[in-house]
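Following: one structure in structure tokens, then a few remarks.
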Amino acid sequence: MNWIYRLERKLGRRFGVTNIMLYITATMLAFYVFWLLIMPGLYGLIAFHRELILNGEFWRAITFVLIPSNLGSPFFVLLSLFIAYRIGNNLEHVWGKTLLNMYLFFGVLGAIIAGFITGFATNYYIFLSLILAFCYMNPNATFLLFFILPVKAKHIALVNWAFYIWSFIQGNFSSRVAIIFSLINFFLFFGPDVWRTMKQNYNIVRRRKQYQKSWGDNNPWR
């Protein structure tokens, strides 16, 4: 993350919107209530649509971010927004608002690029990338699944990665492009650390095998 921190220093720690996740989730909730009770056609007015954007409806390139990814049960909408807010708020507390704003910016930028490539864009993977960031930084944090079952953040991250891989294998071209570009922010922030950790683990395993071989016939690991 060295270059990320250098960019943060250039922008300043006051750059960005304070409590940005509060504003995002509150706006998403307002959209959901408005869509559900007043204007059922609202979704069609602000969803990402490449041809309409190119024809002048520029707001669609941003407003799709404010559509809850699940427009079904009010309970699950409220739960997902609550989780997104808590995780985003935690990241802002740890990172500061500048880094969180940058992380969200790169996530949205990736979704927009994917949208112009495929014609379809979703914010679903943007919020999954927030969960990945939190779990990477707090692997031993505990979530209460359904407010009852304690689950470690690192296990949730493994489930998310498995979901990404499964969705990539089973999905169509649009979903695969969306998945690839939705991870831009995660790898921009954590890619060097992930690569360094993988190299260190590989070197540890390699040295251990070499050490075991050096025992020859007296190798106790045989």
Side-chain angles (χ1 to χ4, degrees), residues 3-4 7 17 20-21 23-25 27-32 34-36 39-73 76-77 79-81 83-85 87-88 91 100-136 156-192 194-195:
W3 75 272
I4 292 289
L7 179 58
V17 180
I20 188 171
M21 286 306 300
Y23 294 118
I24 291 175
T25 52
T27 305
M28 294 175 76
L29 178 60
F31 162 84
Y32 179 72
F34 201 79
W35 169 82
L36 187 67
M39 191 176 179
L42 180 60
Y43 177 90
L45 295 176
I46 68 173
F48 190 97
H49 194 294
R50 182 175 57 191
E51 286 69 26
L52 293 178
I53 293 172
L54 295 175
N55 285 329
E57 297 185 15
F58 304 112
W59 63 86
R60 293 176 179 270
I62 296 296
T63 52
F64 78 95
V65 177
L66 303 175
I67 301 174
S69 56
N70 179 5
L71 292 176
S73 167
F76 287 109
V77 170
L79 180 62
S80 63
L81 292 179
I83 293 172
Y85 166 72
I87 288 177
L91 289 174
L100 177 60
N101 277 252
M102 289 167 57
Y103 191 80
L104 289 170
F105 170 79
F106 286 120
V108 172
L109 180 62
I112 293 172
I113 293 172
F116 277 105
I117 292 174
T118 66
F120 168 77
T122 177
N123 61 17
Y124 180 68
Y125 297 111
I126 298 173
F127 291 104
L128 276 185
S129 72
L130 278 175
I131 297 175
L132 289 178
F134 176 87
C135 293
Y136 185 82
I156 293 176
L158 289 175
V159 172
N160 274 348
W161 282 115
F163 172 77
Y164 269 112
I165 294 170
W166 177 255
S167 298
F168 186 86
I169 294 172
Q170 295 294 319
N172 55 25
F173 174 73
S174 296
S175 61
R176 289 172 181 170
V177 173
I179 289 170
I180 291 172
F181 281 93
S182 72
L183 291 173
I184 284 178
N185 54 355
F186 180 84
F187 285 111
L188 283 176
F189 273 65
F190 303 109
V194 172
W195 177 249

Subject >> Qualifying residues under side-chain hydrogen bond (donor to acceptor under 3.5 Å, both in side chains), relative to T63, sequence neighbours excluded >> reply: none
Original post:
For N55, what residues pass the side-chain hydrogen bond (donor to acceptor under 3.5 Å, both in side chains) criterion, not counting sequence neighbours?
Top reply: none
Subject >> Under the side chain to side chain contact (heavy atoms under 4.5 Å, CB included) test, residues paired with S167 that sit two or more places apart >> reply: Y125, F163, I179
Subject >> Inter-residue atom distance L100.CG - M21.CE, 0.5 Å rounding >> reply: 7.5 Å
Subject >> Any donor-acceptor pair under 3.5 Å from W35 side chain to P40 backbone >> reply: yes
Original post:
CD1 of I126 to CD1 of I184: how many Å apart, nearest 0.5 Å?
Top reply: 11.0 Å
Original post:
What salt bridge (Lys or Arg N to Asp or Glu O under 4.0 Å) pairs are there with at least one residue in residues 54-64, not counting sequence neighbours?
Top reply: E57-R60
**OP:** Given side chain to side chain contact (heavy atoms under 4.5 Å, CB included), test V65 with M28 step by step and report yes or no.
**Re:** CA-CA 9 Å; V65 177; M28 294 175 76; over 6 Å; no
Just list the side-chain donor-acceptor pairs under 3.5 Å for residues 111-119, sequence neighbours left out, or say none.
| unit_1 | atom_1 | unit_2 | atom_2 | d |
| --- | --- | --- | --- | --- |
| T118 | OG1 | A114 | O | 2.9 |
| T118 | OG1 | F120 | N | 3.2 |
| T118 | OG1 | F120 | O | 3.1 |

Original post:
Which class fits the ring pair W161 and Y164: parallel under 30°, tilted 30 to 60°, perpendicular over 60°?
Top reply: tilted
**OP:** Determine the interplanar angle of the F106 and F189 rings, folded into 0 to 90°, and report it as parallel if under 30°, tilted if 30 to 60°, perpendicular if over 60°.
**Re:** perpendicular
Subject >> ring-ring contact (aromatic ring centres under 6.0 Å, His included) partners of F64, counting only residues at least two apart >> reply: F48
Original post:
About how many Å separate CG of L42 and CG of L36, when rounded to the nearest 0.5 Å?
Top reply: 11.5 Å
**OP:** Verify side chain to side chain contact (heavy atoms under 4.5 Å, CB included) between F127 and L130, making sure each step is shown before the conclusion.
**Re:** CA-CA 5 Å; F127 291 104; L130 278 175; 3.8 Å; yes
**OP:** First locate atom CD1 of I67, then atom OG1 of T122, and finally report the distance between them rounded to the nearest 0.5 Å.
**Re:** 8.5 Å
Original post:
What closest approach, in Å, do A61 and I53 show between heavy atoms, and which atom pair accounts for it?
Top reply: N-CD1, 3.6 Å
Subject >> ring-ring contact (aromatic ring centres under 6.0 Å, His included) involving F181 - partner list, sequence neighbours excluded >> reply: none
Subject >> Partner residues of T25 under the side-chain hydrogen bond (donor to acceptor under 3.5 Å, both in side chains) criterion, sequence neighbours left out >> reply: none
Subject >> Set of side chain to side chain contact (heavy atoms under 4.5 Å, CB included) partners for V17, sequence neighbours left out >> reply: I20, Y23, N101
Original post:
Backbone N or O of L45 within a donor-acceptor pair of the W59 side chain at under 3.5 Å?
Top reply: yes
**OP:** Tell me, please, which residues at least two apart from L29 pass side chain to side chain contact (heavy atoms under 4.5 Å, CB included).
**Re:** V33, L78, L81
**OP:** Name the orientation class of the two ring planes belonging to Y136 and F186 (parallel below 30°, tilted from 30 to 60°, perpendicular beyond 60°).
**Re:** perpendicular
Subject >> Pairs involving residues 173-191, ordered by first then second residue, that meet side chain to side chain donor-acceptor pair (under 3.5 Å) (sequence neighbours left out) >> reply: S129-N185, N172-S175
